[in-house]
Amino acid sequence: MIEEKILRMTCEAVQQLYGQVIKPESIGMETTKKEITGDFTIVVFSLLKMSRKSPEATAGEIGAFLKVNVSEISEFNVIKGFLNLVLSDDFWTGFLASNGSRADFGIQEKRGEAPIVLEYSSPNTNKPLHLGHIRNNLLGYSLAEILKANGHEVVKVNLVNDRGIHICKSMLAYMKWGNGETPESTGEKGDHLIGRYYVLFDKEYKAEIRDLMEKGLSEEAASRQAPLITEAQEILRKWEAKDAEVLQLWKTMNGWAYDGFDLTYRRLGVDFDKIYYESETYLLGKELVMEGLGSERLVRKDDGSVWADLRDEGLDEKLLLRADGTSVYMTQDLGTAQLRYEDYHPSAMIYVVGNEQNYHFDVLKKVLSKLGKTFAGHVYHLSYGMVELPLGKMKSREGTVVDADDLMEEMFSTAAAMTRELGKASELSEEDADKLFNTIGLGALKYFILKVDPKKNMMFDPAESIDFNGNTGPFIQYTYARIQSLLSKAALAGYQWEQPVLSGQPSLLLLEKEIIKRLFLFDEAVIQAGREMNPAVIANYVYDLAKGYNQFYQELPVLKEEDTAKVLLRLCITDFVGKTIKTSMKLLGIMVPPRM
RNA sequence: GGUCCCGUAGCUCAGUUGGAUAGAGCAACAGCCUUCUAAGCUGUGGGUCGCGCGUUCGAAUCGCGCCGGGAUCACCA
């Protein structure tokens, strides 16, 4: 790597000129700002105490040394304490020639380590997926792609929350008012059908509470005594007792939910290597807790409940088993963590879960480590911010949610309308057109969500449709499509640019060099995105790349250029940009169209 | 109240381990299609980087204190 070489030789310069030994990491180097001549810039302020000279003199001396000792450096200039290095055209064209036709540029070598288990999605079977789940799913899928590109093996897992009182609420409402309807009989997606009964339950339950309060009960007593809630609790008890009738309905309704989820996942383009069900894992945590109790790492209170005491670690006491011996959410997560460890012996366990559960994961890690689990240190919570609406938070029971299926359908129709308006759909078969609209609509949605730093809350206004111009998915897709069009014309004209001889070119123009430099930085973007577990790094990178290429495309002729050497150089750049856009978008889980 | 996160242009967001004159897009305005796809390109206007103090040659970035917004602190998941 050229950066490492420059840093190494800078250390050498400091040693020879000033007699001091320093480490490469201590040198500040960055890419040169656009307005200034240069490719890399070394900031020399930190070296002044060794040189005991002015910033300008120090930068000048080091620059002169580097120019002599690093063959790739063709010239340099100094502005205050900034040493701007210019690499030779041969370096850049050499980079282009050796990487430009690689389809796997940016993909790092396999590490051969234990896999990373990545959990994402984790839906409840009592309601359909909404915009918050979309953010989760897109982050999870993209992160998996990014980690793979960083040489990791990744196991994508989904933990389905298929049991608990909330499921019983939908079941009860269905038993009372369902009239035996099914997804087949109503033509409704199963998850939506179930969600309807969940909302209905809440409505009727609230009505009961109101009635009871009018009869003089406190709100708390009313919400505890309302017949609907006690009936739902009874169903939960029956479920845990494996009551045949309840189990049958539970299986049927969960089946409807899974069919619905499958459709949503398929359309969204996400998938999983393994699915865990809480109904199959919720008992496992108990064993762990009992073990911990035996080795006196946990404490049992007088009523029989079991707790982890985390007060010496700045947290509170945390309940792990109720007095009646049943387990809570934390207990389940202890169990699934253990199970995953046994299944894969992973090098890391990543959970893509909203930031509302930060505390939960702090506790989870501490309890695991209290239980002596060495893998506690490998648990990483990828905590992402909420998607906020102009009116505030989404609440599924109050109907203020942006439904995942509706949103995707809306993106599809917007894409269709816009494409038709631009007159670009006329030559396509209906099938190809639908495919294109799907690619563009989903591209807009996915990019809109992934370009934002995961840890930040983000705003979504349903009244304003997601843009297709500017810093958007379709902008990048369009750049790609235009590149493909140009390349196929070039191929028809008989050009061959796959194995170009690029030495002896006329000197690179600024726009040519800038786009090559941008391509050069892709490796670093992939590595940074992986290190920070942040798809937005890739999104921002690919936008800059597309933006830079569009300038290039606008200003410089490719096929109409008279100098054949230039034509080949620009085709080579064009192809390379296309490949890198495609790879970047793949890391985001976004498709790229051959034409649009 | 305790803990954690966030605060950058009218709006949505970028801004590398602290570096040069804080950047994009949208919206507004003005240009560019007889020339490789105008979902594009170029230009103009728009900023007390929430406020203050500190560390530093240098702070949007690090530390402390305020102000504002959010999350969480369940025998819910």
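Chain identifiers are assigned alphabetically (A, B, ...) following the order of the sequence lines, protein sequences preceding nucleic acid strands; residue numbering begins at 1 within each chain.
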May I have the distance from [X] (atom [atom1]) to [N] (atom [atom2]), rounded to whole angstrom?
X	N	atom1	atom2	result
A/R482	B/C33	CZ	C1'	12 Å
A/L364	B/C4	CG	P	20 Å
A/W307	B/A74	CH2	P	9 Å
A/N471	B/C11	CG	P	18 Å
A/D453	B/C6	CG	C1'	11 Å
A/L486	B/G40	CG	P	18 Å
A/Q332	B/A77	CD	C1'	8 Å
A/Q357	B/U3	CD	C1'	17 Å

For [X], answer base if it contacts any base atom (sugar-phosphate contacts may also be present), sugar-phosphate if it contacts only those atoms, and nothing otherwise; contact means non-hydrogen atoms under 4.0 Å.
X	value
A/I449	nothing
A/Y543	sugar-phosphate
A/Y359	sugar-phosphate
A/A536	nothing

So, does [X] get its side chain near the phosphate of [N], meaning an N or O under 4.0 Å from OP1 or OP2?
X	N	result
A/K456	B/C5	no
A/Y478	B/A39	yes
A/S485	B/U37	yes
A/R322	B/C76	yes
A/K547	B/C41	yes

Worksheet item: Taking N and O atoms by type only, does the side chain of A/T479 place a donor or acceptor under 3.5 Å from a partner on the base of B/A39?
Response: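 Donor-acceptor pair under 3.5 Å: no.
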Worksheet entry | Donor-acceptor pair under 3.5 Å, A/D303 side chain vs B/C75 base |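 Indeed, a donor on one side and an acceptor on the other fall under 3.5 Å apart.
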Item to complete: With a 4.0 Å heavy-atom cut-off, tell me which residues in residues 559-574 of chain A come close to RNA chain B, sorted by residue number.
Response: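 Listed by number, they are A/L559, A/K560.
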For residues [X] and [Y], determine if any side-chain heavy atom of one lies less than 4.5 Å from a side-chain heavy atom of the other.
X	Y	result
A/S223	A/I229	no
A/W497	A/L569	no
A/T472	A/I466	no
A/F576	A/I483	no
A/H130	A/V402	no
A/F76	A/I62	no

Does NZ or CZ of [X] fall inside the cone over [Y]'s six-membered ring, less than 6.0 Å from its centre and within 45° of the axis?
X	Y	result
A/R163	A/Y282	yes
A/K318	A/W307	no
A/R482	A/Y553	yes

Expressed in whole Å, how much space separates the [atom1] atoms belonging to [N] and [M]?
N	M	atom1	answer
B/C73	B/C49	P	36 Å
B/G15	B/G50	P	15 Å
B/A27	B/G63	P	38 Å

When you measure from the side chain of [X], which nucleotide among [options] comes out closest?
X	options	value
A/I165	B/C76, B/A14, B/A39	B/C76
A/K424	B/A77, B/A39, B/C36	B/A39
A/S305	B/A39, B/A14, B/C75	B/C75

Item to complete: For A/K517 and A/D39, run salt bridge (Lys or Arg N to Asp or Glu O under 4.0 Å): C-alpha distance rounded to whole Å, both residues' side-chain angles, the deciding distance at 0.1 Å, then the answer.
Response: CA-CA 8 Å; A/K517 277 160 69 174; A/D39 299 323; 3.1 Å; yes
Atom pairs, N/O to N/O, protein against nucleotides 19-23 of chain B, distance under 3.5 Å?
{"residue": "B/A20", "atom": "N6", "partner": "A/T41", "partner atom": "OG1", "Å": "3.1"}
{"residue": "B/A20", "atom": "N6", "partner": "A/N84", "partner atom": "OD1", "Å": "3.0"}
{"residue": "B/A20", "atom": "N1", "partner": "A/N84", "partner atom": "OD1", "Å": "3.4"}

Discussion item. Which is more 5' along RNA chain B, the nucleotide nearest A/T419 or the one nearest A/V328? Just name the residue.
Written reply: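 Result of the comparison: A/T419.
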Worksheet item: Given that A/F448 and A/M330 both sit by RNA chain B, which one's nearest nucleotide is further toward the 5' end?
Response: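 It is A/F448 whose nearest nucleotide is closer to the 5' end.
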Worksheet item: Taking the inter-plane angle between the rings of A/F437 and A/F412 on a 0 to 90° scale, is it parallel (under 30°), tilted (30 to 60°) or perpendicular (over 60°)?
Response: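 Perpendicular: the ring planes of A/F437 and A/F412 meet at over 60°.
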Given 3.5 Å as the limit, does a donor-acceptor pair link the side chain of [X] with the main chain of [Y], or not?
X	Y	result
A/T439	A/P593	no
A/E555	A/F552	no
A/N124	A/N126	no

Worksheet item: How should the glycosidic conformation of B/C62 be described, syn or anti, under the criterion that syn lies within 90° of 0?
Response: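 Chi for B/C62 falls in the anti range.
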Discussion item. Dot-bracket, 5' to 3', for RNA chain B please: Watson-Crick or G-U pairs under 3.5 Å, [ ] where pairs cross earlier ones, | where the partner sits on another strand, dots elsewhere.
Written reply: (((((((..((((.....[...)))).(((((.......))))).....(((((..]....))))))))))))....
